[in-house]
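A short worksheet on the structure shown next.
Just so you know, these numbers use all the heavy atoms, side chains as well, and skip hydrogens, waters and symmetry mates.
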Amino acid sequence: MRRPLLASMMICMATGLLASASSFGVSAEEQGPGKISQGSLVDSPQVEVSEGPRPGYSQVVDNSMEDRFDAPNWEERPGTSQYGEDYAYTDSSEGEGPARFKVEVPATGSYSLYARWPARAENSAATRFGIGTASGIQWTRVDQQKDGGIWVRLGAYRMEAGDRYSVQVSSESDDGEGEVVADAVMILSGEQANPDAEASDGGDATFEASASLRKSRMVVRTARRHLGTRYVRSPPHRCKAYRKEDCSCHTKVVFRKFGKSLPDNPPDQWKRGKMVRKKSNLRPGDLVFFDENRNGKLQPWDHVGIYSGNGYLMHASSYFGEVVESKMKYIRGYWGAKRFRKLR
């Protein structure tokens, strides 16, 4: 770090002890946060991240697969940012049955689920995905007006072995408005996995979006290549991509690929980019900052990561002991976000 500020030395330092989070059948990211923030204010890594029963296993199911996709009375439409040639959709007010994806789970254990859709203003902002887990169907809500054209994380779930319709998209959105979309889903072994390394882009070549929007999605893909990198504080250690990264080291090495030279500490990174005024306006690729120890204006920036859509953050976390993609809501003290309009 070029500027050995006392405040910088406090970044990613400990403020308390972490109780073990190893309850059977629940992924680390889904456990209640309690009083522990899942960013960088934990003494030592104590939460193991499961690699799953068969590391490296993945499967993509697209709406074009007749033997693995079932959506009676849903319509299909070509687009520009979906996976494959088209996607299925229905009006949330028509009350059709759900769209279902048949996925193969090779062995009982933890799996990551991702979904994809084209973002359109006509889409529902409250689409419901249901995942069949070992303890029943778990529902999660996504805003399909946002985060189009990339694999968006739904979560990590404990699933039972079998080949069945384990993922469904409800035809009725939570707000009863807009079109709900069923495009493609991906299952990967383990609680943390990189979907972009396991599947083709499946449509991005024709993605009609601004250059900045395409670049922002590339930032997320680049950040995901660092998944599993060991968390090591810098300082006192050196920031080394893919070997030793803390929160600001991770963002530094990712944005370096896009022509941005960021210092290795959150306070100075906060000085870069343009402010994102509302949390609801976050988009993939934004830098997100947190005041985990709640000391306000004195030194508010304790943790930084990269927003990856659907409320998830790519970040180096001492809670998990590595670079992960986890729920942003479990990190205390959201402070704000910055966006780079021009990326190389």
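- Between the side chain of Asn310 and the backbone N or O of Tyr312 there is no donor-acceptor pair closer than 3.5 Å.
- Smallest separation of non-hydrogen atoms from Asp264 and Ser234: OD2-OG, 2.7 Å.
- Summarising the geometry, atom OG belonging to Ser135 is positioned 10.0 Å from atom CZ belonging to Arg158; distances are rounded to the nearest 0.5 Å.
- With side-chain heavy atoms closer than 4.5 Å counting as contact, directly or through intermediates, Tyr165 stands alone and belongs to no larger hydrophobic cluster.
- The backbone N or O of Gly176 lies less than 3.5 Å from a partner atom in the side chain of Ser173, making a donor-acceptor pair.
- Side chain to side chain, Gln82 and Asp183 fail the donor-acceptor criterion of an N or O pair below 3.5 Å.
- In summary, the side chains of Glu191 and Ser50 do not present any donor paired with an acceptor at a separation below 3.5 Å, with no hydrogens or angles considered.
- Side-chain contact between Ser112 and Ile187: absent, with no pair of heavy atoms (C-beta onward) separated by less than 4.5 Å.
- When each of Gln192, His315, Arg153 is tested with Ser326 by the rule side-chain hydrogen bond (donor to acceptor under 3.5 Å, both in side chains), just one qualifies, namely His315.
- In this structure the side chain of Ile36 never reaches within 4.5 angstrom of the side chain of Tyr330, judged on heavy atoms.
- Other members of the cluster containing Leu313 are Val276, Leu282, Val288, Phe290, Tyr307, Met328, Ile331, Tyr334, with ILVMFWY side chains joined at under 4.5 Å, either directly or via other members.
- A salt bridge links Arg68 with Asp163; the closest basic N to acidic carboxylate O contact falls under 4.0 Å.
- At a threshold of 4.5 Å between non-hydrogen side-chain atoms, the residues Val219 and Pro284 do not count as touching.
- In this structure, Ile137 belongs to a hydrophobic cluster whose other members, linked by side-chain heavy atoms under 4.5 Å apart, are Trp139.
- Checking side-chain atoms of Trp74 against main-chain N and O of Gly97 turns up a donor-acceptor pair under 3.5 Å.
- The shortest heavy-atom contact between Lys260 and Phe340 is CE-CD2, 3.9 Å.
- Cation-pi geometry between Arg77 and Tyr89 is met: under 6.0 angstrom from the ring centre, within 45 degrees of the axis.
- Using modelled atom types, one finds no donor on one side chain facing an acceptor on the other under 3.5 Å when comparing Thr229 with His250.
- Taking the six-membered ring for Trp and the full ring otherwise, Tyr83 and Trp151 have centroids separated by under 6.0 Å.
- There is no path of hydrophobic side-chain contacts, each under 4.5 Å, that joins Val323 to Val220.
- With respect to the salt-bridge test (charged N to carboxylate O, under 4.0 angstrom), the residues Lys271 and Asp268 qualify.
- Thr140 places no side-chain N or O within 3.5 Å of a backbone atom of Phe129 that could act as its donor or acceptor partner.
- Of the possible donor and acceptor atoms, none in the side chain of Ser189 sits under 3.5 Å from a partner among the backbone N and O of Gly56.
- At a cut-off of 3.5 Å, with distance as the only test, a side-chain donor of Gln144 or Thr127 sits close to an acceptor on the other residue.
- Pairs engaging residues 333-344 under the salt bridge (Lys or Arg N to Asp or Glu O under 4.0 Å) rule: Asp286-Arg339 [sequence neighbours left out].
- Checked by atom type and distance alone, the side chain of Arg238 never pairs as donor or acceptor with a backbone atom of Pro235 at under 3.5 Å.
- No donor-acceptor contact under 3.5 angstrom links the side chains of Asn265 and Ser248, judged on distance only.
- Partners of Asp147 under the side-chain hydrogen bond (donor to acceptor under 3.5 Å, both in side chains) rule, at least two apart in sequence or in another chain, do not exist in this structure.
- With sequence neighbours excluded, the residues satisfying salt bridge (charged side-chain N to carboxylate O under 4.0 Å, His left out) with Asp70 are Arg100.
- Across all non-hydrogen atoms, the minimal contact from Pro98 to Ser170 is CB-CA, 4.4 Å.
- Applying the salt bridge (charged side-chain N to carboxylate O under 4.0 Å, His left out) test to Arg120 and every residue at least two apart in sequence or in another chain returns Glu122, Glu179.
- Taking each heavy atom of Ser317 and Gln38 in turn, the nearest pair found is OG-O, 2.9 Å.
- With Ser166 as reference, Met159 is the one residue of Lys102, Glu104, Met159 to meet the side-chain contact (heavy atoms from CB on, under 4.5 Å) rule.
- In this structure, Gln145 has no side-chain hydrogen bond (donor to acceptor under 3.5 Å, both in side chains) partners at least two apart in sequence or on a different chain.
- Looking at Pro263 and Arg272, their side chains come closer than 4.5 Å, going by heavy atoms from C-beta outward.
- Scanning for salt bridge (charged side-chain N to carboxylate O under 4.0 Å, His left out) contacts around Asp62 gives an empty result, with sequence neighbours left out.
- Take Asn281 and apply the side-chain hydrogen bond (donor to acceptor under 3.5 Å, both in side chains) test, not counting sequence neighbours, and it matches no residue.
- Inter-residue side-chain proximity for Arg224 and Met314 is flagged as met; some heavy-atom pair is nearer than 4.5 Å.
- Taking the charged nitrogens against the carboxylate oxygens, Glu245 and Lys240 have no contact shorter than 4.0 Å, which rules out a salt bridge.
- Remark: Asp174 engages Arg128, Arg141 in a salt bridge (charged side-chain N to carboxylate O under 4.0 Å, His left out) (not counting sequence neighbours).
- Checked for salt-bridge contact, Arg233 and Asp246 miss the test: no charged N lies under 4.0 Å from a carboxylate O.
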* Report the C-alpha distance between Val60 and Val185 in whole Å, list the side-chain angles of each, state the deciding distance to 0.1 Å, and finish with yes or no for side chain to side chain contact (heavy atoms under 4.5 Å, CB included). => CA-CA 6 Å; Val60 174; Val185 299; over 6 Å; no
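- A pairwise comparison of heavy atoms in Ser171 and Thr90 identifies CB-CG2, 3.9 Å as the closest pair.
- When ring centroids are compared, His303 and Phe289 stay outside the 6.0 Å threshold.
- Residues Thr80 and Pro118 are not in side-chain contact: their nearest non-hydrogen atoms beyond the backbone lie 4.5 Å or more apart.
- In this structure, a donor-acceptor pair under 3.5 Å is present between the side chains of Ser37 and Glu292.
- When all heavy atoms are compared, the tightest approach of Tyr87 to Pro78 is CE2-O, 4.1 Å.
- Residues passing the side-chain hydrogen bond (donor to acceptor under 3.5 Å, both in side chains) test with Asp86, sequence neighbours excluded: Asn63.
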* Asked: Stepwise, does the side chain to side chain contact (heavy atoms under 4.5 Å, CB included) test hold for Ser40 with Tyr319?
  -> CA-CA 7 Å; Ser40 292; Tyr319 177 89; over 6 Å; no
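- Asn123 places none of its side-chain heavy atoms less than 4.5 Å from the side chain of Lys146.
- Below 30°, between 30° and 60°, or above 60°: for Tyr111 and Tyr57 the angle between ring planes is above 60°, a perpendicular geometry.
- One hydrophobic cluster holds both Val49 and Val42 under the rule that ILVMFWY side chains link at heavy-atom gaps under 4.5 Å.
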